[in-house]
Amino acid sequence: MGISTYFRRSKWTAMAASVWIQCTSGSSYCFGIYSPLLKFSQAYDQSTLDSVAFFKDAGANIGVLSGLLYSSFVGGEGPVVVLAAGAIQCFAGYFLMWLSVTGALPRPPSGLMCFYMFLAAHSQTFFNTADVVTAVENFPDSRGTVVGIMKGFLGLSGAILIQIYRTLFNGNPSSFLLMLALLPTLLPFLLMFFVQIHHTNGGHNLRYLNVFSFISIAVATYLMIVIIGEHFITLQISIRISIFLLLLLLLISPLYVVFKAQLTESRSRSAYHDEIRLIEENEEQKSNRDQRFLPRVENMNLFQAMRTSEFWLLFLVMACAMGSGLATVNNTSQIGSSLGYTSMETSTLVSLWSIWNFLGRFGAGYISDYFLHEKGCARPFFIALTLALMSIGHVIISSGFPGSLHLGSILIGVCYGSQWSLMPTITSELFGIRHFGTIFNTVAIASPVGSYFLSVRLVGYIYDTETSSGMEVCKGKHCFMLSFLIMASVTTIGFVVSMALFLRTRVFYKQLILMRTLS
């Protein structure tokens, strides 16, 4: 009978499969590794490279299609279809880019390369939608935690992919592009039938979700130690392979959680079947009370959500936060070069960005869940807090003092990652779960919108202006100083708007906490 059938029908197996898919789906965060290859093989200037980066950001954040596709399959096949569609796009985009940079295809016009980049990055929204929405459906009472776990592993995926690159293809970024065409494509095809929705009640959800959280922290800590160690020590290939095998061991450890959780729930189900039935009835009564007292938690569709002021406040906040964060990570290599960093140092910074990104994604979800349930603090407060810190990070980088890029990228990376955990969770709470994938992916469009104005129109333009006549690169802190001072002002505006969102939703969150307490 099936052990495979048993696993397939488990929300814990769905959780583990989603985590593994997330571990390889963040290829867009590795842009700093192969962007120099794109720039020189295609003879791009900085503005053209930033245009390619913009289409990367657009593809990775315009996920409305994936949300609509997920919602259109009401029979439970939505995650499978969405994951398959994402895998096809990933292969097509990166494979065409690889053929172009290796000369197997004639050099494409920059517009066509932008399309390749868009297609490759667009797959990320499909992977992300399938994994995040399925997790929220399976664990509705721990939304912040499961979104933090999923977004956290997505944030780590950049560092994981770079570790694979350094182990197998170190010094050959064109091979890295081929790897990005294959690995994030094959894994979803292998695991997509395990990612399914299971509306089951379980008294041990938080216990085992905390184990998933612990695993994610262990992976992040291990990666950070490895990345920092690589900066000071030249590793032999045998040691690098051993490090990679230990990483794989950590990544497959969720299997243990799956076995333990399913065993515990199986025993509980057989011993307390009647109690579970009563719990389900109470959940149904709770749902009815929620709809009576909290009409905004009724499952709004996209157009209903767009008629609320909260939607547009959230959209504007995300444009400020995510746009400036993407402008930073997209230009990390160029900022490092202008400040005299070596290619190894900038590569290390790109890898560490994934760690800071993870800390923000995981930490914001977990901490906001704690403060919401234990202290009654509305989640939008944490968006305001992270935007204030982000503004400080931009000022630090603009200063250009020794170590400013390291310190500033930590603050910006953590705060940028936080938005990707807080925004989907807040969206599901304000507008409901039924059309959650479509609505949060629509809000996420704010990210490429902000990136276009801040990265392409601002950072790229000022960099090219500051570059001396006849020179291909700009050297000195003046190359990016003005850009980051402007972005500091933008995130300060975002802080003010997020405080307005916090004040508008305080009463709603008080009602939400009251209803959960009464139930």
Side-chain angles (χ1 to χ4, degrees), residues 26-63 90 93-94 96-98 100-101 108-125 157-158 161-162 173 176-177 180 319 321-338 346-347 349-351 353-354 357 394 397 405 409 412-413 416 420 444-465 467 472-474 479-480 483-484 486-487 490:
S27 55
S28 64
Y29 301 124
C30 304
F31 184 76
I33 297 297
Y34 57 85
S35 61
L37 173 66
L38 279 178
K39 184 173 183 178
F40 291 108
S41 69
Q42 307 300 305
Y44 292 157
D45 60 16
Q46 187 62 32
S47 293
T48 305
L49 184 65
D50 280 336
S51 295
V52 176
F54 164 72
F55 278 90
K56 169 187 70 73
D57 298 337
N61 293 284
I62 300 178
C90 181
Y94 280 117
L96 289 170
M97 288 178 65
W98 175 72
S100 299
V101 300
S110 60
L112 187 56
M113 182 64 79
C114 288
F115 173 73
Y116 295 163
M117 187 75 259
F118 177 89
L119 191 63
H122 197 228
S123 65
Q124 182 175 312
T125 67
S157 63
L161 290 169
I162 291 173
F176 184 51
L177 280 173
L180 294 181
M322 296 177 178
S324 63
L326 285 174
T328 301
V329 68
N330 287 342
N331 291 279
T332 296
S333 294
Q334 287 72 33
I335 298 169
S337 176
S338 70
T346 55
S347 178
L349 283 171
V350 173
S351 297
W353 174 274
S354 294
N357 198 356
H394 288 309
I397 292 179
L405 185 55
S409 64
I412 296 171
Y416 170 79
W420 283 114
I445 294 175
S447 180
V449 170
S451 174
Y452 174 75
F453 287 104
L454 296 178
S455 186
V456 179
R457 306 303 298 175
L458 177 68
V459 176
Y461 173 78
I462 293 178
Y463 179 92
D464 288 336
T465 301
T467 303
E472 292 185 356
V473 295
C474 180
C479 303
F480 291 94
S483 300
F484 277 85
I486 293 174
M487 287 196 289
V490 169

Return yes if some donor-acceptor pair links the side-chain N/O of Ser455 with the main-chain N/O of Tyr452 below 3.5 Å, else return no.
no
Donor-acceptor contact present, side-chain Ser451 to main-chain Ser447, <3.5 Å:
no
Looking only at heavy atoms, which two atoms of Ser28 and Tyr94 are closest? And how far apart?
N-OH, 3.9 Å
Smallest heavy-atom separation, Ser27 atom then Gln124 atom, equals N-OE1, 4.3 Å
Leu180 and Tyr34: which non-hydrogen atoms are nearest, and at how many Å?
CD1-CE2, 3.9 Å
Any chance OH of Tyr44 has more than 12 other-residue heavy atoms, nucleotides or ligands included, within less than 6.0 Å?
yes
Counting only N and O atoms by type, is there a donor-acceptor contact under 3.5 Å from the side chain of Asn331 to the main-chain atoms of Ala327?
yes
Donor-acceptor under 3.5 Å (Thr125 side chain, Gly63 main chain)
no
Between the main-chain N or O of Ile62 and the side-chain N or O of His122, is there a donor-acceptor pair closer than 3.5 Å?
yes
May I ask you to decide if the ring planes of Phe55 and Phe118 are parallel, tilted or perpendicular, using 30° and 60° as cut-offs?
perpendicular
Under 3.5 Å, is there a donor-acceptor pair linking the side chains of Ser100 and Tyr116?
no
Any sub-3.5 Å donor-acceptor pair from Asp45's side-chain atoms to Thr48's backbone N or O?
yes
Looking only at heavy atoms, which two atoms of Leu38 and Met97 are closest? And how far apart?
CD1-CE, 4.0 Å
Donor-acceptor contact below 3.5 Å, side chain Ser123 vs main chain Leu119
no
Enter the distance from Leu326:CG to Leu454:CG here, rounded to the nearest 0.5 Å.
9.5 Å
